[in-house]
Amino acid sequence: LAKTTQPISMDSYEGQEVNITCSHNNIATNDYITWYQQFPSQGPRFIIQGYKTKVTNEVASLFIPADRKSSTLSLPRVSLSDTAVYYCLVGAGGGNKLTFGTGTQLKVEL
Amino acid sequence: GAGVSQSPRYKVAKRGQDVALRCDPISGHVSLFWYQQALGQGPEFLTYFQNEAQLDKSGLPSDRFFAERPEGSVSTLKIQRTQQEDSAVYLCASSPELGYGYTFGSGTRLTVV
């Protein structure tokens, strides 16, 4: 599975837009990009998945450039409750295991 | 049930003791996974079941770790002769089909003293 690199931590304030970028230079043709969110004492929770261009759901947007060597998770107007660790994963859509990195600790303040 | 249920939520074991961690997946979910998460790290894959068949156990760190899912629903992760390095959160996830729609439980925090 392609290795991912993302910032260890980010700080933001309520109401701001947060963009977390993930690098995955060795992404394979059949790999999808998936983001998970994890709160303390809970398991990871699926946020969004994409293959190319842009994907948007009720929680976030995912931007993937044409070369797919990176991706950006965009969280609009964050709140305190968005404070969590965010993981970027890359793997085949039908893969049987998820490979997590160390994630990005997002801290949202008032 | 509505989600993946894991029990116990917390377990303290003395070094050398055997432990058993239980996972109740979402009803009807074919695939079941176990992950180990050390403090400050992302979850790491341990093993995977499709129904009752254990198709991948490449992540199990040693032969002290054993997982089963005899009837294709509830799964148990057993750790024999626990060591301090086994201290971690053990997460279970299930999905209705391979590769999609993973739902994680809240995990069991194991502390070996």
Side-chain angles (χ1 to χ4, degrees), chain A residues 1-10 20 22-24 27-51 55 57-59 62 73 83-107, chain B residues 2-10 21 23-26 29-51 53-60 67 88-111:
Chain A
L1 296 176
K3 181 179 178 180
T4 61
T5 303
Q6 53 184 122
I8 294 174
S9 64
M10 294 183 68
I20 306 174
C22 178
S23 297
H24 29 80
I27 190 168
T29 303
N30 60 342
D31 284 342
Y32 283 76
I33 299 155
T34 310
W35 286 80
Y36 280 79
Q37 173 193 57
Q38 186 175 27
F39 297 112
S41 300
Q42 294 187 25
R45 182 177 74 103
F46 172 90
I47 300 176
I48 197 166
Q49 183 180 68
Y51 183 81
V55 179
N57 62 21
E58 65 278 6
V59 176
L62 178 60
L73 174 71
T83 294
V85 177
Y86 292 81
Y87 295 97
C88 165
L89 288 76
V90 173
N96 66 345
K97 66 179 78 169
L98 303 176
T99 300
F100 293 82
T102 52
T104 297
Q105 172 67 65
L106 172 64
K107 182 179 179 182
Chain B
V4 177
S5 178
Q6 293 188 246
S7 61
R9 284 286 278 126
Y10 304 93
L21 312 180
C23 173
D24 282 87
I26 293 174
H29 276 196
V30 170
S31 299
L32 185 145
F33 307 80
W34 284 98
Y35 287 81
Q36 180 190 59
Q37 185 170 25
L39 188 63
Q41 302 296 315
E44 292 193 358
F45 172 83
L46 293 177
T47 187
Y48 154 68
F49 290 86
Q50 185 166 341
N51 295 308
Q54 188 174 20
L55 299 185
D56 188 343
K57 54 182 181 179
S58 61
L60 296 176
V89 174
Y90 291 86
L91 294 162
C92 176
S94 69
S95 69
E97 58 180 297
L98 183 60
Y100 301 96
Y102 297 93
T103 301
F104 281 83
S106 294
T108 294
R109 180 177 295 279
L110 173 65
T111 303

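So that the names make sense, note that chain A is the first sequence line, chain B the second, and so on, each numbered from 1.
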Exercise. Any sub-3.5 Å donor-acceptor pair from T47(B)'s side-chain atoms to D56(B)'s backbone N or O?
Worked result: yes
Exercise. Is chain A contacted by the side chain of Q37(B), its backbone, both, or neither, given a heavy-atom distance below 4.5 Å?
Worked result: side chain
Exercise. When heavy-atom pairs shorter than 4.5 Å are enumerated against chain A, which of S106(B), G59(B), P43(B) gives the highest number?
Worked result: P43(B)
Problem set entry | Donor-acceptor contact present, side-chain R45(A) to main-chain Y36(A), <3.5 Å | no
Problem set entry | Residues in side-chain contact (heavy atoms from CB on, under 4.5 Å) contact with T104(A), at least two apart in sequence or another chain | Q6(A), P7(A), M10(A), I20(A)
Problem set entry | Engaged part of Q38(A) at the chain B interface, taking heavy atoms whose separation is under 4.5 Å | side chain
For this session: Select one option (side chain, backbone, both, neither) describing which atoms of T103(B) are under 4.5 Å from chain A's heavy atoms.
Result: neither
For this session: Return the set of residues passing ring pair (Phe, Tyr, Trp, His ring centres under 6.0 Å) with Y51(A) (not counting sequence neighbours), or none when no residue passes.
Result: Y32(A)
